[in-house]
Every structure is written in C-alpha cells, then in structure tokens.
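One structure below.
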Amino acid sequence: MATRTFIEAIREGLREEMRRDASTIVLGEDVGVKGGVFLATDGLFAEFGEERVIDTPLTESLIVGASIGAAVNGLRPIAEIQFADFILPAFNQIVSEAARMRYRSNNAFGCPITIRAPFGGGVHGALYHSQSMEAFFTHVPGLKVVVPSTPYDAKGLLRSAIRDEDPVLFFEHKKMYRSVRGDVPDGEYTVPLGQAAVTRAGSQVTVIAYGLMAHYALAAADRVDEDGISVEVIDIRTLRPLDRRTILDSVRKTGKCLVVYEDNKFGGYGAEIAAIVAEEAFDYLDGPVMRAAGPDVPGVPYNHVLEDWFMLDPERIAEAIRTLAAY
Amino acid sequence: MATRTFIEAIREGLREEMRRDASTIVLGEDVGVKGGVFLATDGLFAEFGEERVIDTPLTESLIVGASIGAAVNGLRPIAEIQFADFILPAFNQIVSEAARMRYRSNNAFGCPITIRAPFGGGVHGALYHSQSMEAFFTHVPGLKVVVPSTPYDAKGLLRSAIRDEDPVLFFEHKKMYRSVRGDVPDGEYTVPLGQAAVTRAGSQVTVIAYGLMAHYALAAADRVDEDGISVEVIDIRTLRPLDRRTILDSVRKTGKCLVVYEDNKFGGYGAEIAAIVAEEAFDYLDGPVMRAAGPDVPGVPYNHVLEDWFMLDPERIAEAIRTLAAY
Amino acid sequence: MTTTTTSETGGPAGSLARSLGLTDEDLVAMYRRLALARAIDERMWVLNRAGRVPFVISGQGHEGAQVGIVSNLRPGFDWLVPFYRSVAGVLTFGMSAREIMLAQYAKAPDPSSGGRQMPGHYGSAAHNILSTSSPVATQLLHAVGIGLAARIRRTGQVVVTALGEGASNQGDFHEGLNFAGLHHLPVVTVIENNGWAISVPAAKQAPIVDFAERAAGYGMPGVVVDGADVIGCWRVGHEAVERARRGEGPTLIEAKVTRLTAHSSDDQQTKYRTAEELERERLRDPLPCFREQLLEASVLTPEGVAAIATEIAAEVNDATEWAEQQPDPTVASATWYVYAEDRP
Amino acid sequence: MTTTTTSETGGPAGSLARSLGLTDEDLVAMYRRLALARAIDERMWVLNRAGRVPFVISGQGHEGAQVGIVSNLRPGFDWLVPFYRSVAGVLTFGMSAREIMLAQYAKAPDPSSGGRQMPGHYGSAAHNILSTSSPVATQLLHAVGIGLAARIRRTGQVVVTALGEGASNQGDFHEGLNFAGLHHLPVVTVIENNGWAISVPAAKQAPIVDFAERAAGYGMPGVVVDGADVIGCWRVGHEAVERARRGEGPTLIEAKVTRLTAHSSDDQQTKYRTAEELERERLRDPLPCFREQLLEASVLTPEGVAAIATEIAAEVNDATEWAEQQPDPTVASATWYVYAEDRP
Ligand SMILES: Cc1ncc(C[n+]2csc(CCOP(=O)(O)OP(=O)(O)O)c2C)c(N)n1
Ligand SMILES: Cc1ncc(C[n+]2csc(CCOP(=O)(O)OP(=O)(O)O)c2C)c(N)n1
Ligand SMILES: [Mg+2]
Ligand SMILES: [Mg+2]
C-alpha cells in the first residue's frame, strides 16, 4: 500500500498497462515531452519513446478517428483529450463511429479504445475548461463511461477500461488531481467496470453521486449526521453500463433518494438515475426523488463570485438532504 | 383554411418568412436547385435566387459556423442539416459556439439562427438515417429545441423559431413529411415557443410525447379507450424551454404518467420529463412514472424485422398504458 | 510534391501494360472485375425497380478507378477502407457477388452488417475491408489509424481509402491527410471526383478544379488520373502503393470519374442534370473504354468478351437467387453486439 | 494563386513606408500601439505573479503582425474575429487599455464577457470584435459567415481573423477557407505561426514549413510574412484588405512570429524549449526591431521613444488601478442572458 494523489494513480495505471501490453499507445496534445498539461502522462515519453507516446497535432477528431483505425489494426490506443470541453470536435467520431463499430458490423470489428479527459469546475477554468460532458456520452449505446473518484478506483478502473474490448470514456475530475489522495495497493489489481460502490452505509436517505460530487456527498453526509440523519452514499463509478441493482437496493431500503451531479440539471446524467428510481422503486419511496445539480446556464462562469454560485458544495447538498429527510 | 402535408406546411412557412424578412437566408446541402432531399426548400431557389438560397459544400460545421457569423452580422440564417444524423460534425459549433454566444458575451452578441433537421426512424433509413438527436441538444442551456407534430404547429412554430433571437433546433420527423396532413390557416399566425399542447383530455393516465410519438400516443389512447381507460395526451412541442406547468397540472390531475419517446431509452430526453414529474408531482402520483422508449442499441437497424423490433408503435404504447392504469 | 496529371496511357494497351509489368491475364482479370461490378450494380437497380430491395446506391462510372487502384493491394493482408460507391473496390479486394447481394437484401449472413446497415455500407473482417458508416469522410481517419498501426507494428501493410470530392471538403479530410503526411503513413487516399455531391456541382463545392492540388499542403504527392483509363489508374495506384510500401509515405490520388446513375435510388437527377450532360458523360464510362482498349490490343476477343458476359450473368443470377433465399436476422439477435459481451 | 514570400522590407523604414502611403504619424501610431500592447501584456504577468489575477495568456511576440495587419481595417465598420493572443489586435481595432484590464480582472463592466470568461477571450459589440471562445479555430467559420453577410448585404465590410498554426490543422480551418475561396468572401485569415502549439513544435504539427502553402488548395493567395517586420505586415495586410474590399476575395496570410512567453501562466516552457532557443527567439521580438527601424529612419527619436514609454506607463497604471476597483458581477446576474428574454 502506498498513498497516491488521484493523478499519480492514473499515471501509474497508464505506465503499468503500457509495460504490460506492448500494443498500447498513448496519443494526444502535449502528452509527450511535456507529459500532458496536467502531467498525467509525465515520464511516459521518456520510457516508451515517441512511437508509443504520440504528440498529435491540435486535432481532436483525428485523435479519436485514428485511434479507432489503430484499434481495428491491432493496437490498443489510449487517447487524451486535453480538456473534456474540447472533446466536441471529436463528437462525430465517438458517437457515429467508435460507439457503433461493433453493432453496425455485426461483431466483425470492435473498437477497444480508451479516451481520457479531465472535466469539471471549481478551478477557475470558466466556460470552456470546466464542463461536465458525461450526459452527452452516457446516452449513447456502445460507449462505456467511467468517472472514478478515488486514486484506488482511478487506477483499477483505468486498467479495466484499457483492457475492455469496447470504447470507454474515462472522465477525470481535474479539481481532484492533486487535492485527493488515497491508498493504492502495490500489486496489480483491477476494479471491474459496471459496479457502483456504497461508500457510506446509512438508513434514511440514499445519496447517489460520482466524481467530485461523490466526495461532497460524503462530506454532506457527515454534516447531516450531526442532525441525526443517516445517509447512505453511493458512488456510481461506472455511469454506463449502470449498476442498477446497487442503487435500487439502497433506495428500496432508505425510501428516499437524492441524485447529485455537478453538470447542468436539465437533461443531465442524473435525470436518468432519477427516472430509473422513480420507475423501479416507486413502491418504496417515502418522498420525491430529488436532484441537486448545477444551474442551467451555459458553463461555469470565470469570476469567482459567479463560479462559487455555480458550483455545488457539501453545504448545499446537506441542505437538500435535510429537506428530503424532513419530507 | 387549407389542408397541408407536414412538409408543405414547413415549405410554406419558409417561403413566407423569406418573403416577409429580406434578412433571412436558407443554406445547406442540396437546398437549391434540388430543393432539398425531402423537397422542404423546393421552389425557394427559383423565387429568392442563389444569394439567399445557398447550396453549401458538404460541410456541416461550416453550415452552422457560417450561420453564426452571418447572424452576428445582420442576417437571419435558416440552416438545413440534410439528416439529423449528420448534425454531429457541427456539434462543436452548435454547443460550444451558438448556444454560448449570448451568455459568454454578456449579451453583447446574440445568435438568431434556426437549424432544421429531419430525424426519426421507421423509414428504412438504418443506423444513420433514423436517429433521434434531441437529447444531445435539450441538455444544452442557450439552445431551444422544437419538435412539431402537426402541419399547423410546424408552420407556426417554424415562424417563431426564425423570429427568435436565439438558436433554435427544429427537428422534423421525416416519416411524417408526407403521411401527416392537417389544416393550416391561410393568414399569418405563429405558435409561440415554450408551450405544450393537451391534444386529448382524459382523467386516468397522462401520456407525454412529441414528434411521431405524439400521433402514436393519440392512437394508443384510442385503443385503450375501448378498455375504459381515459388518457390525457400532451404533445410537448417545444422540448426546451419546457412547459412544466402543462405537464405537472395534468399529472397532478391523473396521478399517472407515461413518457413516450422514440430515441434510445437510457439518458434520452424523456428521462428529464420523468425526473421532473417524479420530483415535483410526487404527492399526486398513484403509480410509477413509466417510460416507453426505444431499445438501447446503437441506432435503428435496416432489415425490416429488426426495424420493426426497434420502433415503438401504438400497440406497444397502449400496452404500457394498460400496465400503468392497472397499477 | 507537385500535382501531376497522367493523361492518356497512349499506345496499344497490351504493350503499355506489358511495359508496366502487367500480363494479359492481369488485364483480363481486371476487365472481368469491372464487368462483374457493373453487372451486379445493374442488377441492384432492377431489383429496386421491381420492389424487391428498398434502396440502391451505386458505383457505376467509378469502377475503372477502383479496379485499377485496388488491384495493387495484397488481398487479406493490406486494408481497404471503402465508401458507398466502392462496389468494384470491394469485389477487387475479395468480396464475392453473393456477399454483395447479401448486403443488398440485408440478410442475416451478410458479412458487412448482418442486415443492420443500408446496402452500400460494405465491410468484411475476413478481407480487411473496414466497416463503412454513412457520415462521409470519417473513414479517412480510420484509414490513417490503420496506417499508423501498420507502421508501429511494422506489418508492411498499405491502406487504400476512398471518398467523393464532396466529402473531401469535410474537416476530417484535412486532419487525416495532415497526420498521414506528417508521419509518412502508408495510406493512399483516392478522391473519386464525379463532379457532383448529390445535386451540387463541383464548381459549387470548392474553388479549385483539381482536388489533388491540396496534396501539396499535406506534404504528399497529388496525382490526377482519368477514371475511364483503367490502366492509367492501375499505374498511379501502383506507384502510390509501392511508395507507401517502401515507407515513403502517403499519396493523394484524384480520379476523374463519372456518376452514370442518380445519386441513389431516392434521387431524381434529371432535376439538376441535363439530358446533354448525361449523354456526354456516357462517353466516360470506363467499361466500354477498357473493353475497346483490350479488343484493340487483342488482349480480348469479341468471343472472350461474350464468354465473360455469360459467366458473369450466371454469377449474378446465382448471387441474387441465393441471397434472396437466405434468412433475415432474428428479432433475438437485435440486441447482440452492442458490447463485446453481448454474445448469444 | 501561388505562395509568395515577402522578406525584408529593405531600405530605411521611412522611405519605404512613404512609398506605401504611410505617413510618419501612421508609423508612430503603430509603434505606440505595439508598445502599449507589450506594456499591458507585461503588466498582466506582473499581476499574475503577485497573485492578483489567476490567469494570463499573452500576445508577446505576436504584436507586430497584429498591429501591422489590423491597422488596415476601418474601426467600427469592419470586423475583427480575434483569438486569445490578439491583445495588440484588439487594441489596434479600438479596445482600450482599461477594457483589456477589465477582462483581466473579470469585472462586471468588462465588455468582453462581464467577467464570465477567462482573460484573453476578447469581444466588443461597440468595436465589431466578435466574442472569442476557447475551442480553437471555430472562429474561422464565424469570420466566414460575417463575410458572407457583408457580401449579401453589400456592406463593403472586410473581416480579419487570426489563429495559431496549431489551430490551423483543425477541420474548421479547411471548411472555412474552402467556403471563403469558393464565394470570394472578404475574409483575411492570419495564421500567427509561432512555431509551437503549447509544447508541440511545428515540425510535429504538420508536414509543411509554410502553412500559407495551403492557400492554393482554397483558390486564394497565400502570403508568408516576417512578423517582426511590422511594415512588411502592414503591406501584406494592406494588399489583402484592399483585395477583399474590391470584392476579389480572401487571402491567407502566415506571419512568422515568436512566442516570447510560456503558452500561458499555467505552462512551464523550459520543460520543452531550450535556453538557447529562447535566447535566439528574443532577436525576433517585433518591438525592438520596429523601434530600431524607426529610429534609424529618424521617424522616431530616442526622446520620442521615452515620451511614448512614459505615456504608456501612465495609461497602463491607470487601466490597472481603475479596473481593479470596478465591481465584480453580482450573483443575481449569473442567470442573465442565457436567452435574449433573460433580462434583469
Ligand atoms: C456528414 C454527412 N453529411 C451529409 C451526408 C448526406 N450525403 C450522402 S452522400 C452525399 C454527397 C456526397 O458527394 P461526394 O462526396 O462527391 O460523393 P459521391 O456521392 O458524388 O460519390 C451527401 C450530401 C452524409 N452522408 N454525411
Ligand atoms: C479544440 C481545442 N483543443 C485544445 C485546446 C487547448 N489549447 C489551447 S491553445 C492550444 C495550442 C494552440 O497552438 P496554436 O494554435 O499554435 O496557437 P498558439 O497558442 O501557439 O498561439 C491548445 C492545445 C483548445 N483550446 N481547443
Ligand atoms: Mg461526387
Ligand atoms: Mg502556435
């Protein structure tokens, strides 16, 4: 066991997978000598050379499209999109191509690629360096979407993503890169895709979250504990395919459910969770399925007054829990 | 009053707005001499000339990006994307640029553009000529999203979309182009954005739908009427901004809600409707908020056996209504 | 680095071909493929008009470029990343008439998609023909990625990909060719310029006449070739493939072809093409051009031509009848292969 | 249609400038703008290091090209579609030092975004400077659309837009230039080639040395100019703007500039640029180059230079202090202007 920051765990995961499997390559903008703008790929260029760690031109569609082709011809590309915000030029390649390669070819071809991208706000990144992009991709059959929240999960899920036979989007909350630390085992381990984690057991309210919000949800649970409210927290970890059972089991137990997400509320990923719970746990509900989410404005504004207004925090989540508990 | 097919109403709306406002232009692939692959712009080239009816190169990002610039410099572009499926190369321009122009510039610049696109399945279009794309855009603050279901609404909403000061996505179900007819008044009228329509009054179950499904929902309501189930049908018409009041008023009355959408179920637009109802009408619900939606496979397959399997139809919706009514 | 034009191949076909290292048998084989592609294509339209298949998209007029260029690849080893007009290309690279007809009928054993995609969306794992989608130009980037993997894995494979001149204005073309040129990848890109993107003439698509001119901006040779000149197409294809094979990098080939049919069975081309133009374009049909050339050079005899036609008719009849009898995909199979684990 | 290179402007600046129709006053005004842009830019970094502003992205080294080219536009009439390094460009086109500093401090009266965007995302409705976003190269298409509207509305306006050489590999560049060339739009596109896209050198971005070479593929002239040669930049800008004004269509200008700072305040450039390179690049700084030229030609005197420096220092101090005191946006305003109807 060693303590690692979130980004160290990711970097180690990349390095170890690249050592294990010579067919892996890393490609993206500034991933080479610079090691990525957040240093997630730092050291890989020195160790694996420019053939396996490729500084691409500033062309996201190419990064994804070439990854698809390389995957079809025997490589296992790990693409980095510098900021999740800049994944949109590659949207067509991801949604029309990567996601559909297997289905449209009736399993003749697969597309084992991993696309890593830092996302999320609270870092003075403003409208275009703060976005949560998961809702665009979790809707798409054929894609898998992972949002880890601990160094342990980040490394274990990244390994599973790279080894998976299908395209996986791996979103890393950039505010957690250096602020979140945790234990990571020394040996090789994986965390399977498709399993949520109950990160705190409780009896009265289920709070469902992912990414940075999984931490804030725990902090909020601590706060309301003082008010005598017992909260169960679920970290979804893999947003697609979704672990419905863990969620439904919990809500059927607590009878109350709050879905927390940082993204704009309307049509965000949490809407699907809320809809599933409302449909499949109806008989067990003692209150409305509530959502605490970002406001419906186009992106996180830059000025700190506005940014603070945008971002959810433990207290706002705690307030929502109190409201729901009192229902 | 005259009877019009769905596409005739759209064509008339375009023509009349172009006559009314000399700053409107139409641009897209094959919109000129050919009049569009579905003939929605037929006759416009002859009447308004090649300066106002522009056959663009095969470049969707340019179609939208140039529309944004033209709007900023005094025109009112009406862009056609040949099939909604091919809007994805323009995704970055729509989501990062058009949707955010006003907010990011603090109202210094606006972006009054309309983007029309035929969508939907059931026409042997297979994976890439059948998609429902609304979920990708309804999530985006700054965009408006319209899905008309009658010739009357199509013309009236199209006028409102063109006159709106913000970017509007106008999705036209291609299976309805020639199969749906209805009365359209002779004079100028508009249907305001942001208002749902109760298209059938009922007391036991609220069915919420849009596009082709708004018709199927009515047909399903007829079927279950024979079983003695009274259904209220709401055609959302404008998906964003959403008319929450009409929806919530209805569900608070009936106590039961079925959301119907043709798109893949997981993370589709209907999830947001379900989540809103579950959160805001909880006390009135006599059964789970149910969804009838497309299966979670990447697109509508081509072979008729598979296509029929994919597409919702009145009987499947009726089945869901019966289940819900019996709850 | 500059754009060059190969005009007429000149001289009798036989001697020229021999000077290029092609045998008479090679030429006859190429002719046979071209004629087969045409016959299958014509059959598709017959079936469509008879209401037996709902949709056709055609390669008629493009076959000369496809057969000429793709004949230079090593089937089962190299890669072909086709587009919807690549009927002759995929036949040249190993697909059979039966396989094409399976796609046309959208039957369960269809190797392209098991009936999931519209006809024209070719693909075959057995033949290294990548699965085709509908959004144009996306495949350029896949070809580039395949070439990148070939380079990194040192396989020696070459990739040929094709698209229309309309599609070549898409952003993906720019990003793909830039990367291919930058990394000297073994990728041959063929713009099959038929002068139209559905109803939009080339003059409304781009401010240049020769799309191959853009190659210079991507640090690769650009070559223009007459698509009715099959041997000329073979020659530029040969140079490009050999160059790629030697590790010297990519080539952009623009083949000036003609679209002998409407864009697809959903299109009415008389609305935007004049009768005169359609008449004129018939002269650029690669099939009679190549046939005349081979007859003149005595590589083929009229009897040989007739014999080939008879064989092909039988092959197309067989493919049609056989494919029509194959089963439709089952409803149960509709959910298979969204992910690798979705196995029956 | 071919790519031409303007090298040294040659001869004493004064006489050359006069032969181009520039007065001494014009030259001094250009120098002043360049020096002002530099002074503001340097101040941003000081404020950043002092912890007063969280982020800086800089135009240092690019100013010569921007001032030279943009000086040819008619402020308040033509359009500028800038990018994040366009500090000198927006100053030349009418923004004030105070307005720039408002963006730097993200204050409520900031005309660019009311403090909503990061610094460097310039925009001004009053000055026809289009609002900037972060995804690179998207603005090319907006410039093309503005040019299209100018042509359709017959306004006579010209648009200048700028981007980095890295950004010019994006698909939007291809689609935009193709359309501008096709419709002869009054759009001047400037690639400010500083040899780096963050840490990626130009040689790893594209297989060509001169990005202007791509102009030929878009049916427009491509011009390479030394960004340290301000008068040379003015001249190519003048030709391009006048050509556009006459309705003769677009031009692609590539200005070879230097990035004198790290990519942004978040970047550590010593990790990928050697001390020697940074030293060498200092020689390509347009500010001393232009100053020397004007001194040599006696357009400026050392006293004049000093006087300008004093004025500028006062202007920058004023802008800084004034901007810092302006109010932050209010929480109430956070929901304004998602749509036009969201008015307070
Ligand atoms: C991204 C995208 N936009 C639009 C279409 C619709 N479409 C299919 S083929 C075509 C024209 C293609 O022209 P070209 O590339 O010249 O090829 P050709 O059909 O002439 O061989 C269009 C507009 C599409 N398939 N993909
Ligand atoms: C679409 C997109 N991808 C990535 C980025 C992140 N990014 C910002 S600037 C930059 C490098 C730009 O290089 P260049 O275009 O040469 O301009 P320069 O900064 O050198 O002036 C990158 C990768 C972005 N802003 N947009
Ligand atoms: Mg064509
Ligand atoms: Mg640069």
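This one's a predicted model, so the numbers in the text were calculated from it and none came from an experiment. In what follows, chains are A, B, ... by sequence order, proteins preceding strands, each numbered from 1.
Counting all heavy atoms, side chain and backbone alike, C:Gly219 lies closest to D:Pro207 at N-CG, 4.0 Å.
Of the atoms belonging to D:Ala203, it is backbone heavy atoms, and not side-chain ones, that fall under 4.5 Å from chain C. Only the side chain of D:Phe173 comes within contact range of chain C, with heavy atoms under 4.5 Å apart.
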May I have a table of the donor-acceptor pairs connecting chain C and chain D at distances under 3.5 Å?
{"from": "C:Ser168", "atom 1": "O", "to": "D:His174", "atom 2": "NE2", "distance (Å)": "2.9"}
{"from": "C:Gly171", "atom 1": "N", "to": "D:Glu175", "atom 2": "OE2", "distance (Å)": "2.8"}
{"from": "C:His174", "atom 1": "NE2", "to": "D:Ser168", "atom 2": "O", "distance (Å)": "2.9"}
{"from": "C:Glu175", "atom 1": "OE2", "to": "D:Gly171", "atom 2": "N", "distance (Å)": "2.8"}
{"from": "C:Asn178", "atom 1": "OD1", "to": "D:Arg214", "atom 2": "NH2", "distance (Å)": "2.7"}
{"from": "C:Asn178", "atom 1": "ND2", "to": "D:Gln205", "atom 2": "O", "distance (Å)": "2.8"}
{"from": "C:Gln205", "atom 1": "O", "to": "D:Asn178", "atom 2": "ND2", "distance (Å)": "2.8"}
{"from": "C:Arg214", "atom 1": "NE", "to": "D:Gly217", "atom 2": "O", "distance (Å)": "2.8"}
{"from": "C:Arg214", "atom 1": "NH2", "to": "D:Asn178", "atom 2": "OD1", "distance (Å)": "2.7"}
{"from": "C:Arg214", "atom 1": "NH2", "to": "D:Gly217", "atom 2": "O", "distance (Å)": "3.1"}
{"from": "C:Gly217", "atom 1": "O", "to": "D:Arg214", "atom 2": "NE", "distance (Å)": "2.8"}
{"from": "C:Gly217", "atom 1": "O", "to": "D:Arg214", "atom 2": "NH2", "distance (Å)": "3.1"}

